[in-house]
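Right, one structure below, let's go through it.
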Amino acid sequence: MTGTEALLRGLNPQQHAAVTAGTGPVLVLAGPGSGKTGVLTRRVAFLIREMQVRPAHIMAVTFTNKAAGEMRQRIESYLGAPAAITVGTFHAICARLLRIEHASTPYSQDFVIFDTDDQVKAIEQALHELNIDSRKFNPRSLLAAISSHKNEMKLPHQAVARDYLGEVVARVYPRYQAILLDNNALDFDDLLLQMVVLLQQHAPVREKYQQRFGFVLVDEFQDTNTVQYHLVRLFGRPQDNLFAVGDEDQSIYAFRGADYRNVQRFRQDFPAAQVILLEQNYRSTQVVLDTARAVIDRNTNRTPKALFTTQTGGDKITIHEAYDEEYEARFIVEQVEALKRRGGRYQDVAVMYRTNAQSRALEDKFIKEGIPYTLVGGVGFYKRREVRDLMAYLRVVNNPNDKISFARIINVPKRGIGDKSLQEFQALAAERGWTYADLLAQMSAGARLPLAARTTRLFMEFGEKLHAWQQQAQTGHLVALFDAITADTGYHLHVQQISTTPEEAAERSENLRELRGLLLRADAEDKPLGEWLIDQSLMTDVEEVRDTADKVTLLTLHAAKGLEYPVVFITGLEEGLLPHMRALDDGAAEDLQEERRLLYVGITRARQRLYLTYAFRRMLWGSSDVRKVSRFLADIPAHLVDSLPDTLLAERSSASYRQQTTWDTPAPRPARPAPAAPGPERSRLANDLAAFRQQLQQPAPPLRPPAGKVIPFPGQSAGSTQYQPGQRVKHPLFGPGLVQASKLDAGEELVTVRFEDARYGTKTLMASLANMSLLHP
DNA sequence: ACGCGCATTGTTTTT
DNA sequence: CAATGCGCGT
């Protein structure tokens with residue numbers, strides 16, 4: 001058998017057509033689990049083996065760095081040798097090319113990539129310089145506005161103001177950009193936008209890369225934004241050997257400018273493109289697929305796909321209502337343990353959620369029950385203070401003109417340089433038009449400067465160290481540099497000092513060791529500092545190599561894209577969480593559709609077994625609120641579900657609900673699942689449960705409003721409430737408290753009370769059941 | 001310059 | 001409920 005036969009073996013006709021397509025534009029619309037990654041990698045191998053394309057002429061764009069690594073590995077295993085193809089995310093590829101071609105850009109080779117924190121600082125500086133109150137204009141909102149401009153390829157002078165905020169943005173954006181340039185820094189959006197600018201403005205560079213990349217392949221094409229779309233087109237010219245793979249239904253990154261309509265745009269821009277549909281799913285059971293379809297079918301503007309699988313039937317899905325997030329976690333733990341007892345593995349299970357904050361309750365329970373897990377993303381390694389500090393040191397060594405990193409570490413650990421001294425230093429550099437490096441050099445050269453003697457001495461001491469570190473960086477070994485920095489600054493002692501507990505100190509030290517380990521690896525590849533720093537800026541915690549140990553995976557729905565697990569739990573199917581609050585505003589129909597796609601992505605990760613869970617109440621942002629069941633659950637036909645929680649049954653039987661629901665066959669009413677008995681140690685929980693049971697005595701209120709009606713949200717409900725914010729009340733169980741808010745919800749008044757007894761905290765109760773009395777002040 | 005304690009504030013997803 | 005920021009006292 002020839003290599004090519006092996007390459008094409010086992011492909012279905014559509015996959016075969018995609019892999020062996022000729023030159024010119026090709027669009028592959030690939031449903032979940034349809035083998036698109038395999039098609040993409042085989043396509044690359046096919047180009048090289050059969051179409052005699054030189055590997056160096058191929059650019060393959062993936063969505064994550066991790067996916068890039070995996071794709072390279074698979075391609076090399078097909079070819080049996082390392083291949084010189086360019087594989088990476090748009091951001092990583094652009095960063096590399098910008099570094100190589102820096103002479104044609106406004107940046108020097110040692111540019112840095114600003115993360116969100118750096119960006120916020122840059123914005124604050126811009127606001128300060130423009131005399132704009134940063135309290136009035138939230139830096140993050142401004143940043144978001146600037147980011148959308150960049151994603152739409154609008155340069156600073158092209159920002160057009162349509163409203164007052166837009167006007168402020170139009171003033172801040174140019175200033176912000178100037179500050180970035182002053183720091184020799186690019187933000188994430190710049191990596192793409194500056195690449196477009198470079199290609200557009202420098203014909204020799206453009207032609208060089210257009211010749212170089214004769215074949216461009218893009219994965220997850222539905223999540224490209226406008227700049228990325230233009231990059232694809234620019235690189236692809238003039239031959240347009242473009243191979244785009246995507247699925248509109250899995251577009252979940254609109255918040256960063258992704259526009260699934262780029263798929264349609266591709267078809268319009270390349271009317272001659274071959275369009276290939278991959279509709280056979282090799283991943284999931286029919287039940288899982290039907291569930292996914294029921295959810296996604298409600299979206300408009302989509303290319304309908306007839307997904308099918310040969311795995312007919314399968315276990316029905318489970319929808320579980322928990323009392324609160326703790327019981328939700330408990331349910332999952334019970335199911336996972338049962339699975340383990342039946343011979344299953346932890347690594348077969350993934351637990352997904354909409355927001356990172358939801359992982360906490362899950363982790364608590366997992367730790368308590370001794371279930372091993374890995375957390376993808378979250379408050380990551382690179383956000384730890386000690387890691388950020390050391391990274392800032394390395395960035396300053398690489399580029400002393402990264403003023404934001406300089407400011408971060410100039411007095412960490414404390415070396416007597418306070419805000420005042422730093423400001424004088426900054427002002428003097430600005431006044432003389434010197435870089436920080438210039439000013440430090442002037443100091444050690446003994447120049448007479450208008451600074452306090454003490455200030456000069458302290459900066460000089462720092463400057464000498466910095467100089468020594470830079471020498472060290474020249475000679476190569478990054479680990480040696482790291483060791484020199486920690487030793488010269490006494491950073492290890494500093495770590496002990498900033499830690500309040502021995503555990504915290506140990507954890508921070510461990511993080512430093514881990515960072516050192518990363519540098520050790522970089523040394524093995526002889527990576528220069530500047531390159532390594534760029535690599536790290538592009539690396540996120542989601543990219544961590546998944547270890548092979550037997551552990552449950554905890555991750556957001558976003559992070560789950562492209563992955564699959566035999567058993568999947570999707571948690572928090574509640575209004576406000578999934579769909580998220582931010583998608584529930586009036587006129588956010590697009591956002592709502594994206595939430596639906598997010599759930600669709602989650603569901604289609606499951607190979608065999610799917611659980612959807614929600615909680616009756618949940619602790620969120622400091623208060624425990626009664627939750628409403630996610631509207632998405634109503635779209636799942638009852639025959640796909642093993643049993644329905646009482647609340648959903650109650651909903652189903654309510655008249656207004658029945659008219660527009662898709663539950664077709666009434667499921668047998670299960671015995672009420674008794675809420676797990678409270679442990680002896682939790683009197684507070686017992687109280688909650690008592691209130692819960694009391695509420696259950698009442699007929700369930702209709703939880704789902706008639707179709708088309710706006711969901712009432714805090715603050716916007718009409719009608720009068722019995723309680724007003726500011727009133728003092730007394731609850732029979734929880735004692736006295738202060739009313740924080742009260743709202744009408746489906747005819748039921750929900751009153752939020754902060755109880756004086758801290759054990760009870762802030763709770764939201766149904767006014768008609770809470771039996772509270774009004775206290776006079 | 002530094003450290004402590006109170007207050008405020010924001011609440012999604014990530015390259 | 002965090003995390004961050006600010007102002008005060010030393």
Side-chain angles (χ1 to χ4, degrees), chain A residues 61-68 88-95 113-117 120 124 134-135 138-141 144 147 150-151 186-192 220 223-225 227-228 251-258 325 352-361 376-380 382-383 385 411-422 452 454-455 458 497-498 500 534-543 555-561 572 576-584 591 594-595 597-599 601-602 618-625 714 754 758 761-762:
Chain A
V61 184
T62 58
F63 195 71
T64 63
N65 294 303
K66 185 175 147 211
T89 62
F90 278 109
H91 292 87
I93 291 172
C94 289
I113 299 169
F114 271 10
D115 65 17
T116 317
D117 285 12
V120 168
E124 279 167 351
S134 65
R135 269 179 257 252
N138 178 282
R140 299 182 76 97
S141 328
S147 176
K150 289 185 174 180
N151 287 331
L186 294 92
D187 63 22
F188 271 98
D189 302 318
D190 283 336
L191 293 173
L192 310 175
E220 307 283 7
D223 278 318
T224 52
N225 62 31
V227 193
Q228 290 167 336
S251 174
I252 53 174
Y253 283 91
F255 70 91
R256 62 181 215 222
E325 72 276 3
M352 301 174 189
Y353 34 80
R354 177 69 230 273
T355 65
N356 281 305
Q358 287 168 260
S359 72
R360 204 187 185 95
V376 180
V379 182
Y382 295 99
K383 287 226 141 186
R385 203 203 311 186
N411 204 29
V412 176
K414 300 265 176 281
R415 54 172 70 88
I417 299 176
D419 285 347
K420 196 78 191 302
S421 313
L422 178 60
R454 183 184 117 93
T455 308
L458 292 171
Q497 285 166 352
I498 60 170
T500 47
I534 288 176
D535 286 356
Q536 295 311 304
S537 306
L538 296 169
M539 195 65 78
T540 67
D541 299 288
V542 179
E543 319 276 353
L555 75 181
T556 62
L557 288 161
H558 282 91
K561 185 161 91 156
L577 214 46
L578 185 60
H580 194 268
M581 288 172 73
R582 299 283 281 251
L584 293 179
D591 291 351
E594 177 141 318
E595 297 292 310
R597 292 193 292 266
L598 208 39
L599 177 57
V601 166
R618 182 181 298 272
M619 181 69 100
L620 232 41
W621 318 309
S623 80
S624 177
D625 282 324
R754 171 175 294 189
T762 304

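Below, chain A is the first sequence line, B the second, and so on; all start at residue 1. None of the values given here were measured: they were computed from a predicted structure.
Here the nucleotide nearest the side chain of A:Asn411, chosen from B:dT15, B:dC2, B:dA1, is B:dC2. Set against B:dT15, B:dT14, C:dA2, the side chain of A:Arg360 has C:dA2 as its closest nucleotide. Nearest to the side chain of A:Lys414, among B:dT12, B:dG3, B:dT14, sits B:dG3. Out of B:dT13, B:dT14, B:dA1, the shortest distance to the side chain of A:Arg354 is found at B:dT13.
At a threshold of 4.0 angstrom between heavy atoms, the contacts of A:Arg385 with the nucleic acid are absent. Contact annotation for A:Ser421: backbone-only contact, meaning every heavy-atom pair under 4.0 Å involves sugar-phosphate atoms and none involves a base. A:Phe90 comes within 4.0 angstrom of no nucleic acid atom, judged by non-hydrogen atoms across all strands.
Residues satisfying the side chain to side chain donor-acceptor pair (under 3.5 Å) test with A:Glu325, not counting sequence neighbours, are none. For A:Glu595, the side chain to side chain donor-acceptor pair (under 3.5 Å) partners at least two apart in sequence or on another chain are A:Arg354. A:Thr62 meets the side chain to side chain donor-acceptor pair (under 3.5 Å) test with no other residue; sequence neighbours excluded. A search for side chain to side chain donor-acceptor pair (under 3.5 Å) contacts involving A:Asp189 returns A:Ser147, not counting sequence neighbours. When the ring-ring contact (aromatic ring centres under 6.0 Å, His included) test is applied to A:His558, the partners found at least two apart in sequence or on another chain are A:Tyr253, A:Phe255.
Using a 4.0 Å cut-off, some side-chain N or O of A:Thr556 falls inside it from OP1 or OP2 of B:dT14.
Between A:Asn356 atom CG and C:dC1 atom C1' there is a gap of 16 Å when expressed in whole angstrom units. Summarising the geometry, the separation between CD on A:Gln536 and C1' on B:dT15 is reported as 15 Å, rounded to the nearest angstrom.
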Heteroatom pairs (N/O) under 3.5 angstrom, protein to nucleotides 5-11 of chain B:
| unit_1 | atom_1 | unit_2 | atom_2 | d |
| --- | --- | --- | --- | --- |
| B:dT11 | O2 | A:Trp621 | NE1 | 3.3 |

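Both geometric conditions, a ring-centre gap below 5.5 Å and a plane tilt below 30°, are not fulfilled together for A:Phe255 over the base of B:dT14.
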